[in-house]
Number of protein chains: 4
Amino acid sequence: MHTTEKKRSDPERIASRRKQVLDAAESCFGSSGFHGASMAEISKAAGMSAGHIYNYFDNKDAIIAAFVQQNVERVSTLLGDLAQREDPLQALLDDIDRSVSDNLQPGVWKLLLEIWAQSAREPGIAKLAQDADRVSRTELHCLLKRGRAMRGWATDDAALMARIEVMIAIFQGLHVRPILSPDLDARAVTEATRLAMLPLLMTE
Amino acid sequence: MHTTEKKRSDPERIASRRKQVLDAAESCFGSSGFHGASMAEISKAAGMSAGHIYNYFDNKDAIIAAFVQQNVERVSTLLGDLAQREDPLQALLDDIDRSVSDNLQPGVWKLLLEIWAQSAREPGIAKLAQDADRVSRTELHCLLKRGRAMRGWATDDAALMARIEVMIAIFQGLHVRPILSPDLDARAVTEATRLAMLPLLMTE
Amino acid sequence: MHTTEKKRSDPERIASRRKQVLDAAESCFGSSGFHGASMAEISKAAGMSAGHIYNYFDNKDAIIAAFVQQNVERVSTLLGDLAQREDPLQALLDDIDRSVSDNLQPGVWKLLLEIWAQSAREPGIAKLAQDADRVSRTELHCLLKRGRAMRGWATDDAALMARIEVMIAIFQGLHVRPILSPDLDARAVTEATRLAMLPLLMTE
Amino acid sequence: MHTTEKKRSDPERIASRRKQVLDAAESCFGSSGFHGASMAEISKAAGMSAGHIYNYFDNKDAIIAAFVQQNVERVSTLLGDLAQREDPLQALLDDIDRSVSDNLQPGVWKLLLEIWAQSAREPGIAKLAQDADRVSRTELHCLLKRGRAMRGWATDDAALMARIEVMIAIFQGLHVRPILSPDLDARAVTEATRLAMLPLLMTE
DNA sequence: AATGAATGAGTTTTCATTCAT
DNA sequence: AATGAATGAAAACTCATTCAT
């Protein structure tokens, strides 16, 4: 049991255990919300005793924070893809189909709403979310600036940033729609979204 | 006992007491969220014992429900104004300045997020919010159809409804932005919003 | 309103109000038990505000006590009837039919059980019930002694009192039976009761 | 950790904890009644925090139910003894001394009254008590029928069952007597009880 | 005499967190 | 490393009782 290998405590075992907890938390938070999910529930889903979780996280808030961190980082990944593309403006337009239908998926918006609502209450959570959002905005700003440069358009940084705010608003707003309008027509909404995005992206 | 006024029992005293509780709840919900706000906290803010609140509301959920109801009804009022205007399409465009800065007000978005998150969890709350949203959508649909008719444009109902979804998404998304991007430039965002709204409103 | 008559406060109006409350209490106690019946419930049944009841009773316990008092006194009335009869032993036997079916009535045993259980907890209530029971026992003892004298039987007071205890036990036990054995055959039980009573009454 | 014993988790530790709670409940229920006994009181008597009790019982009602179940089962044990005896009729007569003095024990009748009163209110409790009572009646019916057969007596089932009802009524009534007549003469009552039981048991 | 608004103490119950093993 | 028994603080809610009117 203690030759030298595997079981010996620290390096990646801890990371694996934390992931195990965060995955369990994701499922619990999704069905019950941050408050509604009890440590007992999470520990059962994680296949780990409640007490043991405290060896990996200081307290429940730390789990929430780590979970939020993990989720706000996901967005960056998406932007990374865009950065690879030749013409980012066109790429964004082309991706609208996929983005819209992604955003309308339940299970996604449930958790995002939970995160946003929590950000509105807990400054600590707000900071995490704001930092990630700022990074995304900046990255997007770079991309778009490049795309505009390709087309020979001058860029007013403040104006472009405002357009980015509205573009993100559209997608984040689309997260809210399925809650309030469960029967919306996803295909038609995709069309309309493209209509709104077009001037934001393709106008000098 | 004085003239005819206040004190003796039922008709509007109850309404006034309920309002007193709902106002207190609004402030507590705003700072602590639905779950975080305790009845003790609310009762203190309402200047009323916790036990007494139960003479006006069956339980805490009933307070939340009444609060949500009150807030989702506010939107209808706004649409009522629009209905008065001669050219609703133009009116919407003209109002963007005000709408955007309204949506960026803190205290508004805090509570709306709370409501949306709660709708994602509690079917009862979801129903309230969905019903109100449906009414607003329908009303808006009427208005826009009329505006389009004035211009001699034909209307594909499904397509128009999808545009409405996106327009609402923009404004609801703008509620989320100040949480994640507290330093955004409201003026510039207003401009960008107009840019996105234009094709949704003014395209055949 | 204040000529001299009626409304002028004290003498019997108070008694009438108290009765009004006690009647209401009887119905509430019957359906909810002493603890389960709230003052609000009682006050509604009495057609009187909760606060006003406190002008006639010091507190809820006083209502319970008065109610118990009222009920334990009822028994005395029944014994009064027997005292009129020429041959009390025979009278008791003759009355078994009626007594048994009385005791099996629901609504009677519910309240009696409540009273007995309360007596087992509250010494104050116990005293009321014990005093009334002692009076009944003594009265019954007199009656039976007279009946035995008529037959020329000598009486060992202690032994006769013990028989009385058992006779009362039979009837009080019959109060319990319908709770535990809701389908019992009342006619057949009457027969069996007579069988058990006979030696207690008619043996030298 | 020592040998094989106690400490580690489930099988009988839970049973032991439940018993610990039920014993505490017995003492609290005895002095304060089901309603009067608070979880705080019970938890103190059980030497366990109130919250912890909820790991063993769903809620207070479940404690009451388990307690009632435990108590109504006790009766069956007594009947089991009788079944062993050669002549059950004679055995019942012989046991009257012991049965009567058992029934007059305080602490027994307190709790039984509580149970009966609770049965009169809560259908769930009523069912437990009725089921146990039915079993006892049936068992007793068997025994007596056998005893009668030994003597060559024919048995009218309904009539015999009615006698059983009365016999049980006598003993259950004797539970009530000490509350209302605390100074009764136990010896003399035993004699009188035998007098009443005799025709119920020994008559064709 | 009468109301019912208002209180506050007390109830059951939940749950994050700790700690002996 | 891992458990889960145990705690204690807080939550929502109820209700007898009081008191201004």
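Just so it is clear: chains get the letters A, B, ... in the order the sequence lines come, proteins before strands, and each one is counted from 1. Just the heavy atoms: all of them, side chains too, but no hydrogens, waters or symmetry mates, feed the values below.
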Closest non-hydrogen atom pair, D:A66 against D:R18 | CB-NH2, 4.0 Å
Step by step, would you call C:K110 with C:E26 a salt bridge (Lys or Arg N to Asp or Glu O under 4.0 Å)?
-> CA-CA 11 Å; C:K110 280 206 179 190; C:E26 167 148 8; over 6 Å; no
Would you kindly give the CD1-to-P distance between B:I14 and E:dA5, to the nearest whole Å?
-> 6 Å
Pick base, sugar-phosphate or nothing for B:F57, based on heavy-atom distances below 4.0 Å to the nucleic acid.
-> nothing
Integer-rounded Å distance: E:dT7 P and B:I53 CD1 | 10 Å
Could you state the atom-to-atom distance from CZ of D:R18 to P of F:dA5 in whole Å?
-> 14 Å
So side chain to side chain donor-acceptor pair (under 3.5 Å) across residues 27-39 of chain C, not counting sequence neighbours, yields C:S32-C:E41
Pairing stems for DNA chain E [at least three consecutive pairs; Watson-Crick or G-U; under 3.5 angstrom] = E:2-21 with F:2-21
Distance test, side-chain N/O of C:R17 to OP1/OP2 of E:dA1, below 4.0 Å = no
How long is the span from the CD1 atom in B:I63 to the CE atom in B:M39, to the nearest 0.5 Å?
-> 4.0 Å
Check the distance between F:dA2's C1' and A:Q20's CD and give it to me in whole angstrom.
-> 12 Å
Nearest 0.5 Å, what's the CH2-CG distance between D:W116 and C:L113?
-> 8.0 Å
CG-CD1 distance between D:N55 and D:I14, expressed to the nearest 0.5 angstrom | 9.0 Å
What is the per-nucleotide protein-contact pattern of nucleotides 11-18 of chain E, from the 5' end, where B denotes a base atom under 4.0 Å from a protein heavy atom, S denotes such proximity for sugar-phosphate atoms only, and - denotes neither?
-> -SBBBSBB
Find the distance C:I63:CD1 to F:dA16:P and express it as a whole number of Å.
-> 9 Å
Answer yes or no: does a side-chain N or O of D:R13 lie under 4.0 Å from OP1 or OP2 of F:dG4?
-> no
Counting N and O atoms only, with roles assigned by atom type, does the side chain of C:S119 sit under 3.5 Å from a partner on the main chain of C:I115, one being a donor and the other an acceptor?
-> yes
Answer yes if the side chains of D:E114 and D:Q118 hold a donor-acceptor pair under 3.5 Å, and no otherwise.
-> no
